[in-house]
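Each chain gets a letter, A, B and so on, in the order the sequences are listed, and its residues count up from 1.
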Protein chains: 2
Amino acid sequence: MLHSLIQLLNLLMSEVTLKKLAGMLQLSISTVSRALKDHPDISIETKTKVKELSVLLDYEPNTFAINLRSNHCKEFGIIVPTITNDFYQSFISSLENEVRQYGYSLIILQSGDDPIIELANLKLCKQNRMAGIFVSITSKTTDINNFLKLDEHHIPVIFFDKVPSFEACNKVCVADEAAADMAAKELMLKKKKNILSIFGNPELLITQKRLKSFEDTVSGYGLSTQLYIHYALSSDEAREITMNSFKKVIKPDAIFCMTDEILMGVMKAIQQLELRTPQDVGVIAISDGFKPTLYYPEITYIETSGFKLAKLAFARMLACLGGSSYAQELRIESIVVSGGSL
Amino acid sequence: MLHSLIQLLNLLMSEVTLKKLAGMLQLSISTVSRALKDHPDISIETKTKVKELSVLLDYEPNTFAINLRSNHCKEFGIIVPTITNDFYQSFISSLENEVRQYGYSLIILQSGDDPIIELANLKLCKQNRMAGIFVSITSKTTDINNFLKLDEHHIPVIFFDKVPSFEACNKVCVADEAAADMAAKELMLKKKKNILSIFGNPELLITQKRLKSFEDTVSGYGLSTQLYIHYALSSDEAREITMNSFKKVIKPDAIFCMTDEILMGVMKAIQQLELRTPQDVGVIAISDGFKPTLYYPEITYIETSGFKLAKLAFARMLACLGGSSYAQELRIESIVVSGGSL
DNA sequence: AAGCTTTTCGCAAACGTTTGCGAAAAGCTT
DNA sequence: AAGCTTTTCGCAAACGTTTGCGAAAAGCTT
């Protein structure tokens, strides 16, 4: 009696392991291991004894040992330029919820839009033998061979949002062309004639796709619509572009904002100019859907949901882990959310 | 020659390990291990041979094995109600940058403001033997014993922002009282008489502290200032409160917003009511600093920087890992950022 | 009752590191 | 040249799991 009490005390001092459980129960480690996993070789009596003690002592298997044995862990990495962005935020939030349901964890890695750091993060994912990674590349990433190499190591790589143009890889995107097309159609329906069109970084594939689609749709209508195309790399640049546009003789009757960031700059300018939407100028954006609700009237936007995209990305990841090897490009459809600003 | 070529091919097929390196170099595993770590026992010639081959074959130590051996890993967990919040976003972004510099990774765990999930996340951190965790508790978390238990397992716990009232734990906060006090002073300086004061969840310690300090400061001035105290749990509630307040006979001449979320609702109401700041109504907020720049004129706010708080939290974490055991409550000072809305 | 099958468990190796200790070889002392 | 120190390396155990295989005990068959 005293003896087992001392044993118990010793146990409470340190970590509970299979070996300790086995020692107390006078069983072998393998039997304890199998009992806890309901292996058919073990008798009911032994199983209950083992399980009772393991609950009593709050036994928790050592993840490190399990990882070493199985040579993989239940962690995903996500590499983004920065998490301070509504779209990524909702993507990450949604993704974290998904992976948790499946017993995985999510490690965030910011590249700061720097390919060097991106590469370092990638290496970390490889070294930590992550179960898979999600990547939104930097605007300067040209070489994606390092990403493809991970695929060889059986670490699936899912690109999302900002994806490389290379074809043989897994990509999930919002409907770039379709979203720009929808925005253009909305503007045409309202018979807008002078449209200030502000796009993001022209080096990104997403910008090029959206611009082309936008222009094509507008010219497809064959109306005498004038597009004033600008690129803004920041909210502040968008604000200045807007301010300058309204100093001109021909003032825009509508503004198209390719991103939330641009929308923010545009709206600030509109407040500064004391313009009213939609009377003085119409506004439409492509957005995750949060920023447009900040204004009154709410901004009409084409929704590109980070939440939905994360679900799609995770589904694709599961498929890859399940053995689906051939690369796919998936996209989610957009919808128009009318807010009264157009 | 052919023999070593075959060896090389075999190696490229599978993972490179110390054993494989040792086999190719006709050395023992221990010698290879020590050579790579510049152990003084190993000769220069051996070291260079080992290192050259390891670079050639792109050897990367197996993290799982290292973790098992050392019984700890280089990962921190961060548990927050949700990451979709400017303050947490900048906190996490900043924290990720910090931990990366020190070779750590960051795992995000959202509780969804649910104590059950929070507990599950906590257990995960314990099971994965994380190096330490950062926690902002849910509004319903009452029992923090489970957190304290981690401390016994030598996993430091740093509470931030939403912290428990229990004293003997590590806490880093923004200057709750001081921030509310500063906001009150700004309002008094502008001689505001009817102040709509909207606070967050009244169950949170942070709300209680700010409210008390705010009221104390205002009454300390001894002026005939009227405070209209309200609580808003969402942006939309704040909007409605504001809308209703301006339907009253006595209209507010200033609005105090305890959080970004509240500010957003208030500003939307202001746009809807077509009021101008600061002429028609003054606005001041406690904020991380991003949202206030969205409006024109920019909102005057008391800065509670997530960036700075993250740096402080990480410094405290490092101290804990370094052996500092006694619990501390740390806070960062706030500053007033004038934007022209008051 | 002898031989067979089933039940129940333990041995031992393996995953890839790190590290205390010992031992051989080399260089040094007097 | 014998004994000593230094240099250089390998053996073996350990971290905590999982799992193939074998073996003892028990129950069954005819």
Residue pairs passing the salt bridge (Lys or Arg N to Asp or Glu O under 4.0 Å) test where at least one lies in residues 60-72 of chain B, sequence neighbours excluded: A:K126-B:E60
Between CG of B:L27 and C1' of D:dG10 the distance, given in whole Å, is 10 Å
Non-neighbouring partners of A:R331 that pass side-chain hydrogen bond (donor to acceptor under 3.5 Å, both in side chains), sequence neighbours left out: A:E329
B:V32 vs A:K19, nearer the 5' end of DNA chain D by closest nucleotide: B:V32
Nearest-Å distance for atom pair CD/P, residues A:E15 and D:dC15: 12 Å
Check the pair B:S30, B:S33 against side-chain hydrogen bond (donor to acceptor under 3.5 Å, both in side chains), reporting the backbone distance first and the verdict last. CA-CA 5 Å; B:S30 35; B:S33 171; over 6 Å; no
Pairing annotation in dot-bracket form, given for DNA chain D with Watson-Crick or G-U pairs under 3.5 Å and | for cross-strand partners: ||||||||||||||||||||||||||||||
Could you tell me the separation between the CG atom of B:L68 and the C1' atom of C:dA14, rounded to a whole number of Å? 12 Å
Does C:dG16 have its OP1 or OP2 closer than 4.0 Å to a side-chain nitrogen or oxygen of B:K20? no
Using the side-chain heavy atoms of A:S28, tell me which of these nucleotides is nearest: C:dT8, D:dT17, C:dC11. C:dC11
Give a yes or no on whether the ring-centroid distance for B:F147 and B:F159 is below 6.0 angstrom. yes
Give me each pair satisfying side chain to side chain donor-acceptor pair (under 3.5 Å) with a member in residues 130-139 of chain A, each pair once, sequence neighbours excluded. A:Y88-A:S136, A:D113-A:S139, A:T138-A:T141
Protein-nucleotide distance (B:N67, atom CG; D:dT17, atom P), rounded to Å: 15 Å
Which one, D:dT8, D:dT17, C:dC9, comes nearest to the side chain of B:S43? D:dT8
When we call it a touch if two heavy atoms are under 4.0 Å apart, what does A:S70 touch: a base, just sugar-phosphate, or nothing? nothing
From CG of B:D38 over to C1' of D:dT8, roughly how many Å is that when rounded to an integer? 15 Å
Aromatic contact between A:F134 and A:F160, with the criterion being ring centroids under 6.0 Å apart: yes or no? no
Rounding to a whole Å, what distance do you find between B:K47:NZ and D:dC9:P? 10 Å
Quick one: are the ring centres of A:F307 and A:F91 less than 6.0 Å apart? no
How does protein contact run along nucleotides 18-28 of chain C, one letter per nucleotide 5' to 3', with B for base contact, S for sugar-phosphate only, - for none, heavy atoms under 4.0 Å? BBB--------
Does anything in residues 146-160 of chain A pair up under side chain to side chain donor-acceptor pair (under 3.5 Å), and if so which pairs, sequence neighbours excluded? none
Is it the case that the side chains of A:S43 and A:T46 hold a donor-acceptor pair, with the cut-off being a distance below 3.5 Å and no angle test? yes
Could you check how far CG of A:L36 sits from C1' of C:dC9, rounded to whole Å? 15 Å
Let me know the distance between NE2 of B:H72 and P of D:dG16, rounded to the nearest Å. 14 Å
